[in-house]
Amino acid sequence: MRLSNGSFEPARGSNVARGSGVNSIALKIFLLLLIVPFLSPQTSARDYTLEEATANITIYPEGAVHVEESVSYTFDGDYNYVYRMIRTSTEESIRNIKGYCSDDACKFRVERISEGYRLIGDLPEHTPENLTFYVSYDHYGAVKVHDDVSEFRRQWGEEWEKPLGNLKVNITFPLKNDSEILYWTHPAGYTQEENLNHNVLNLKTEEIPSSYDYKVRVVFPKIESPDSSSVQIDNEKNLEKILAEEKEYRQKELKLEGLYDITLYFLFFVLVIPVFIYLIYGRELKTGLEEKTGYEGETNSEEKTNSEGKTNPEEKTDHEMETNSEEGAGHEKETGHEDRSDHESKTDYKRKIRLIEIYKRKPDEDFRPAVVNAIMKGRLGIPTIDGFTATFMDLANRGYISLRNSGPEEADSSNISGSEPEDFMIELNHEMCPEIKGKYYEIEGKHPEVRGSKSELKESELIDFEKDILKLLNDHSSERKISWREFRKELEGTEEFYKFIMSWGKKVRKHSEIDRFFQSTGSTYMNLFSRAILASAIVYYIALSGYFPSSEFPGVSKVNTLTSLIGIWGFIMTKNSEIFVKVFGRWTSEGKLYYELWGNFREYITDQSALKNCPPESVKIWDSYLVYAASLGVAKQAFRNMSLIVPFEKLEESSFRPISYHYYDHSVHGFENACSSPNQGVDGTERSSKSSSFKERGDGPE
């Protein structure tokens, strides 16, 4: 039970009647919002500070308590009144109440309220800058007399809206000496000075934050023949109970100090663990580009061929090494004596040989555009929307669908008003897709010319996620044709397309073999770690706040601050786990090579000067490059470069002429198509294999 509680608080605004309802409060807020814009800066910017407070308390022999209190203010602006609210229980009362302000700056009055009493000092029209408010009264029932000791409690600050600079407390007891007085302050950390001189307890605090309590609890010898009108009488022995409570409180304070140190160390641990995860699982491996592979290996082999046209047997070419690897694999199958690790290393080497082909500006078509997008730009093998676009373009390039400009009658039939430059018609090839059986297309017919060759088209040439896009196009087409704008309008923002993309992305991931290229162990550990940290911080914060109430243990705010930082860090890492995938994961040696080679291709297809000096051999190869440019997210740059390099009349040969036409720069009438070999051009003629090859470096073509 709180024996006394109050606040040295200035009241802002006019003194309105109490007991107003919700509607009245809402009306006041509405009126205030209307008035605030018209207030002058001087009126709206008012403020005050609580400089210091004093409390001189005398406990009489019969148990009544005389209190003299003061609080000093500094005002910036005008206020109506200051007040001190004293809470009393049904067993308490105050009498002989007096009050005044320094320099007679206020008129004192007392207001009876349900919680107790409000001692008010009405201020003049112009509030003084500095003012001290004094009150005095006799408090009956403030002392509780047990069967073994007397007890007195007092607290300040619960309702202060501003920090208090300091509080000075002097308590005089009805004793001749201090040997029988026990006292405790809560929290002890606020107490700056304390001494017990004879029968007087002197306390001084440091700054007390707003809305925090400062409590004093004193036990002294039992008052003989207590008067029930002056004190509260309790016929139980409570000294042992009081000592146990204070001991428990002190132990909790010590625990809180220990928890602060532990939390600080844990914060350090939380910040250091990601560094270890990165060092162990996130640091990139060497790519192996220093090995004699690709064009560099081919050149070195030529230089090391003797005058008789034979290669030095001790320094074999890449082709010979690959052949030997295949022979070795066959020998292993026959004999079964070759070590498995040797076989795996040879298999990895052959994969690298295939990847080196990307250096020659010939995208490896064994890797579908959506798969390249999933590995290069996606999240752990899940493609982005660029992968969908690239697959759509790939189907057009391979002849499964055709793209052409819309005719006037087709624009009218699309039910879309107006026309946009990027609109075009999509047609499903009748020969390529004669019918739909079940979920996927049964493919028949011939593949169109690609790089000057023809090949039989089999159903196996389309994989599941490519068939899905064809089926999607067929489901939304009329007579196997649809305009791009209409197709996009039917799908954009729909739940159908969202579900399709989610399912489609999972199918692409199965084909990406992401684990072969990227080790996500570190990212997985980091994601689990950040989630655990976030959950632990939340549980820890709730447990601390419940076990250490901030009103009694203000030191808990420091621990909660550290806990909040840990929780915020865990939340950020969990929320942005996709961003940190490649930070805490790493490419395998093959994956790093794969990444750098496709990165070189991206640089080449977006480098206008490199394309002018050494362009693709034909428009068909341009089309293949555009497909992979789309998968890498640089389709616009590639189309613009194509428009600057390929003559306008040659664009008619492109599968993407309705698209590329809109990127064509009609102000460009020609260009210098020069490469290191004179036998080259965009008309499909051959050029030197060396001139169409990348130099084996990670910084792009030369």
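Here, residue 1 is the first one in the sequence, and each next residue gets the next number.
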Checklist outcome for this item: Taken in chain and number order and not counting sequence neighbours, the residues that satisfy side chain to side chain donor-acceptor pair (under 3.5 Å) with Ser477 are none
Item to check | From Thr574 atom OG1 to Ile533 atom CD1, the distance as rounded to the nearest 0.5 Å | outcome: 9.5 Å
Next on the checklist: I want to check something: taking the side chain as every heavy atom from C-beta on, are Asn474 and Leu470 in contact at a cut-off of under 4.5 Å?
Outcome noted: no
Checklist entry - Mind checking whether Phe424 and Trp484 have parallel, tilted or perpendicular rings, split at 30° and 60°? => result parallel
Item to check | N-O pairing of Glu427 and Arg404 below 4.0 Å | outcome: yes
Checklist entry - To the nearest 0.5 Å, how far apart are OG1 in Thr521 and CD1 in Ile280? => result 11.5 Å
Item to check | Residue pair Tyr604, Trp598: steps toward the ring pair (Phe, Tyr, Trp, His ring centres under 6.0 Å) verdict | outcome: CA-CA 10 Å; Tyr604 166 74; Trp598 279 109; over 10 Å; no
Item to check | Intermediate values then yes/no, side chain to side chain contact (heavy atoms under 4.5 Å, CB included), Phe639 and Phe656 | outcome: CA-CA 10 Å; Phe639 269 117; Phe656 309 117; 4.0 Å; yes
Checklist entry - Residues in salt bridge (Lys or Arg N to Asp or Glu O under 4.0 Å) with Lys506, at least two apart? => result none
Item to check | Pairing residues for Tyr281 by the ring-ring contact (aromatic ring centres under 6.0 Å, His included) criterion, not counting sequence neighbours | outcome: Tyr525
Checklist entry - Mind checking whether Tyr594 and Val372 have side chains closer than 4.5 Å, heavy atoms only? => result yes
Checklist outcome for this item: side chain to side chain contact (heavy atoms under 4.5 Å, CB included) filter on Ile501, not counting sequence neighbours, yields Ile385, Phe388, Phe497
Checklist outcome for this item: Heavy atoms of Phe500 and Asp468 approach each other most closely as CE1-O, 3.7 Å
Checklist entry - Counting distance only, does the side-chain N/O of Asn429 pair as donor-acceptor with the main-chain N or O of Gly399 below 3.5 Å? => result yes
Checklist entry - Quick one: are Met376 and Arg602 in side-chain contact, heavy atoms under 4.5 Å? => result yes
Next on the checklist: Under the rule for side chain to side chain contact (heavy atoms under 4.5 Å, CB included), what residues qualify as partners of Asn576, not counting sequence neighbours?
Outcome noted: Ile572, Ile579, Phe580
Checklist outcome for this item: Residues at least two apart in sequence or cross-chain that pass salt bridge (Lys or Arg N to Asp or Glu O under 4.0 Å) with Asp386, listed by chain then number, are Lys377
Item to check | Atom pair OG/NZ of Ser618 and Lys620 - distance to nearest 0.5 Å | outcome: 8.5 Å
Item to check | Side chain proximity check, Leu534 to Trp569, heavy atoms < 4.5 angstrom | outcome: no
Checklist entry - Would a distance-only check, ignoring hydrogens and angles, find a side-chain to backbone donor-acceptor pair under 3.5 Å from Thr606 to Glu603? => result yes
Checklist entry - Does the pair Glu466 and Arg398 meet the rule for a salt bridge (charged side-chain N to carboxylate O under 4.0 Å, His left out), with working shown? => result CA-CA 12 Å; Glu466 295 172 331; Arg398 293 159 63 187; 3.0 Å; yes
Next on the checklist: Tell me every residue that passes side chain to side chain contact (heavy atoms under 4.5 Å, CB included) with Thr389, counting only those two or more places apart in sequence or in another chain.
Outcome noted: Met393
Next on the checklist: One thing to verify: whether Glu486 and Lys489 come together as a salt bridge, which I'm taking to mean a side-chain N less than 4.0 angstrom from a carboxylate O.
Outcome noted: no
Item to check | side chain to side chain contact (heavy atoms under 4.5 Å, CB included) assessment of Met642 paired with Asp623 | outcome: CA-CA 10 Å; Met642 182 181 182; Asp623 285 353; 4.2 Å; yes
Checklist entry - Do you know the tightest heavy-atom contact between Pro383 and Gly505? => result CD-O, 3.6 Å
Next on the checklist: Quick check: do Leu611 and Pro616 have side-chain heavy atoms less than 4.5 Å from each other?
Outcome noted: yes
Checklist entry - Should the pair Trp504 and Phe465 be assigned to parallel (<30°), tilted (30 to 60°) or perpendicular (>60°) ring geometry? => result perpendicular
Checklist outcome for this item: Correct closest heavy-atom pair for Val508 and Ala374 would be CG1-CB, 4.1 Å
Checklist entry - What residues form a ring-ring contact (aromatic ring centres under 6.0 Å, His included) with Tyr278, not counting sequence neighbours? => result none
Checklist outcome for this item: Smallest heavy-atom separation, Phe601 atom then Ala629 atom, equals CE2-N, 4.3 Å
Checklist entry - Tell me, do Phe584 and Thr524 make a side-chain contact under 4.5 Å, heavy atoms counted? => result no
Checklist entry - Glu513 and side-chain contact (heavy atoms from CB on, under 4.5 Å): which partner among Arg516, Arg509, Lys510? => result Arg516
Item to check | Closest contact, heavy atoms only, Ile645 versus Gln608 | outcome: CD1-O, 4.2 Å
Checklist entry - What pairs with His511 under side chain to side chain donor-acceptor pair (under 3.5 Å), at least two apart in sequence or on another chain? => result Asp464
Item to check | Pairwise distance CG(Asp475) to CD(Glu496) - rounded to 0.5 angstrom | outcome: 8.0 Å
Checklist entry - Would you say the side chain of Phe518 lies within less than 4.5 Å of the side chain of Lys582, judging by non-hydrogen atoms? => result yes
Checklist outcome for this item: Hits for side chain to side chain donor-acceptor pair (under 3.5 Å) against Lys575, two or more places apart or cross-chain, chain-then-number order -> none
Item to check | Test item: Ser520 side-chain N/O and Ser523 main-chain N/O as donor-acceptor pair under 3.5 Å | outcome: no
Checklist entry - What's the spacing between Met526 CE and Phe276 CZ if we round to 0.5 Å? => result 13.0 Å
Checklist entry - Who are the side chain to side chain contact (heavy atoms under 4.5 Å, CB included) partners of Ser577, not counting sequence neighbours? => result Asn527
Item to check | Full working for side chain to side chain contact (heavy atoms under 4.5 Å, CB included) between Arg657 and Leu403 | outcome: CA-CA 8 Å; Arg657 59 185 181 278; Leu403 309 180; over 6 Å; no
Checklist outcome for this item: Rounding to 0.5 Å, atoms CD (Glu492) and CZ (Phe487) come to a distance of 11.0 Å
Next on the checklist: Keeping Ser654 on the side-chain end and Val619 on the backbone end, is there a donor-acceptor pair under 3.5 Å?
Outcome noted: no
Next on the checklist: Please check this pair: side chain of Asn373 against backbone of Pro369, looking for a donor-acceptor N/O pair closer than 3.5 Å.
Outcome noted: no
Next on the checklist: Contact between Leu626 and Ile605 at the side-chain level, heavy atoms closer than 4.5 Å - yes or no?
Outcome noted: no
Checklist entry - Considering all heavy atoms of both residues, which atom of Ile621 and which atom of Glu617 are nearest to each other, and what is their separation? => result CD1-OE1, 3.4 Å
Next on the checklist: My understanding is that only residues two or more places apart in sequence, or in another chain, count here; which of them pass side chain to side chain donor-acceptor pair (under 3.5 Å) with Glu495?
Outcome noted: Lys499
Checklist entry - Passes side chain to side chain contact (heavy atoms under 4.5 Å, CB included), Val634 versus Tyr628? Steps please. => result CA-CA 9 Å; Val634 292; Tyr628 286 94; over 6 Å; no
Checklist entry - Hey, is CZ on Phe571 packed in by over 12 heavy atoms from elsewhere, all under 6.0 Å? => result no
